[in-house]
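Since the structure comes first, as structure tokens, the remarks are kept for the end.
As a basis for the values below, the full set of heavy atoms in this structure was taken, side chains included, without hydrogen atoms, waters or symmetry mates. Per chain, numbering begins at 1; letters A, B, ... match sequence-line order.
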2 protein chains.
Amino acid sequence: MNRMPVAERREQLVAAALAVASREGIEGATVRAVAAEAGVSLGVVHYCFQDKDELLRAMAHAITVQNTTRVGEIPPGTPVEDALAIAIDSVWETIIANRGAQLLSYEVTTSSLRHSELGQVAVEQYRGSWAIAEQLFDAIGQISSVRWKMPTDELARIALALIDGYSLAWLVDGETEPAQRGLRGFARYVASLAEPIDPVEIPDELPVPADLPVAGE
Amino acid sequence: MNRMPVAERREQLVAAALAVASREGIEGATVRAVAAEAGVSLGVVHYCFQDKDELLRAMAHAITVQNTTRVGEIPPGTPVEDALAIAIDSVWETIIANRGAQLLSYEVTTSSLRHSELGQVAVEQYRGSWAIAEQLFDAIGQISSVRWKMPTDELARIALALIDGYSLAWLVDGETEPAQRGLRGFARYVASLAEPIDPVEIPDELPVPADLPVAGE
DNA sequence: ACTTGACTTGGACACATGACCAAGTCACTC
DNA sequence: GAGTGACTTGGTCATGTGTCCAAGTCAAGT
């Protein structure tokens, strides 16, 4: 096989692991399978990674990075409802476009929760997703010139819980319509939690409506 | 070891498998581990079950049954908000009371989606849960004398998606407060989807508010 | 040219696991 | 109390897997 520096080889192996695991499940990502997928002999894997665990951790990290890629841009001035719809649809479409990867993501999560070898992978995964979602709500707030009646971190958790739940259900029964209907309904609900603010000047202290206790984490 | 009829032994083995798998994960539920947990020699398992797969299927079925046990009774006349809160709290409490079992449930789901040996276990699991949740909303409708502005099967799917998502998040970060806050918020939202009806006489044809398309499954 | 070290190879080893079996043991019935 | 069949035992075997290694190959620097 072609020679290449370790770093590059590692990337190739991680990609191979991701491919195998997406296709055949996390258990199918054996050292041999990954080596075969990369077109490399067995020893190479242990030359580039100390453990199989290290390889899997690298793969999990790649998934986390992949999951926390930003959603497409939303033009400024877009109404809240539309902005929310765009964002949620975008997330949902990337999910149903990569069934294997999505399923793998859950497998990695559960594995990480059982076996300490995978370390804090699951926690990192979720922290990253929550942070991204929160940033997204903040961004939409600015884009659409609205203020949320609920802290955005809480909004983020609701949104991700719902998406997680619906995508699991979709993995099981293959129906996309219920999820889309549900998510659209959620978008409408969230839109009702937005109140317009002056897009030009944003004063520091606006009275926050006390509908819900503002519990910052 | 004590002699007992096959049926009884099978139950014991399924219980042992459930115990091991809840404690150490689905991968830890090897034939040997199950036999040891049940205090039985290796051959017994293969005497009672044709395959390891058959054992796992039986275990998965046991989980499904366990997951679809009815929530506690709600006294008639309870206001919708309270009835919803009782139901959701009840579900949530059984979840956080059995962390291992809940995690195992997800492991079984993902495993079933990968390996055809587990058959339609995941689908059965979800169909059962959806049906129960739908029945629950119907029941609450009767108990609290309200009519839902949204089809109950859709309500059920939303509720279960949310619960799934939150419980996954809880498994990862161990925080119960965000989930409880989120679920209570959902209960309040659902309560807003209820409109009172005459508790005594329920006519067959009531105009259904056309907020959403009524899509029967 | 030659030396050095990074990179690769193929195989070997130990171990866990699922499957299987032949013999043994016990309870129940006639 | 003898026979019958359900139940149990302990062990064996094949397979897949992670880990490791000693030797081989190649590219680059001196």
**OP:** Inspect the contact between A/E175 and A/R181 and indicate whether a charged nitrogen and a carboxylate oxygen are less than 4.0 angstrom apart.
**Re:** no

**OP:** Grab the CG-C1' distance between B/D51 and C/dA19 for me, whole Å please.
**Re:** 9 Å

Original post:
Would you call A/R157-B/E177 a salt bridge at under 4.0 Å N-O?
Top reply: no

**OP:** Starting at atom CD of A/E54, determine the distance to atom P of D/dT19, rounded to an integer number of angstrom.
**Re:** 11 Å

Subject >> Distance, rounded to the nearest Å, where A/E117 contributes CD and D/dT19 contributes P >> reply: 10 Å

Original post:
For the pair made of CG in B/L55 and P in C/dT17, what is the distance, rounded to whole Å?
Top reply: 14 Å

**OP:** Give me the residues of residues 15-33 of chain B where at least one heavy atom lies under 4.0 Å from an atom of DNA chain D, by number, or none.
**Re:** none

Original post:
Is B/R23 paired with B/E37 through a side-chain N to carboxylate O contact shorter than 4.0 Å?
Top reply: yes

Original post:
Do B/E107 and A/R114 meet the salt-bridge criterion of a basic N to acidic O distance under 4.0 Å?
Top reply: yes

Original post:
Roughly how many Å is it from NE2 in B/H115 to C1' in D/dG16, rounded to a whole number?
Top reply: 14 Å

**OP:** Please state whether the phosphate of D/dC20, meaning OP1 or OP2, lies under 4.0 angstrom from any side-chain nitrogen or oxygen of A/H46.
**Re:** no

Original post:
Quick one: do B/R184 and B/D89 make a salt bridge, cutoff under 4.0 Å?
Top reply: yes

Subject >> Nearest-angstrom distance from the residue atom CG of B/L42 to P of C/dC20 >> reply: 12 Å

**OP:** Using atom CZ of A/R9 as one end and atom C1' of C/dT8 as the other, report the distance to the nearest whole Å.
**Re:** 8 Å

Original post:
Which one of B/D164, B/T64, B/N67, B/T109 satisfies the side-chain hydrogen bond (donor to acceptor under 3.5 Å, both in side chains) criterion with B/Y126?
Top reply: B/D164

**OP:** Using atom CG of B/D53 as one end and atom P of C/dT17 as the other, report the distance to the nearest whole Å.
**Re:** 16 Å

**OP:** Could you work out which one of C/dT8, D/dA6, C/dA12 sits closest to the side chain of B/Y47?
**Re:** D/dA6

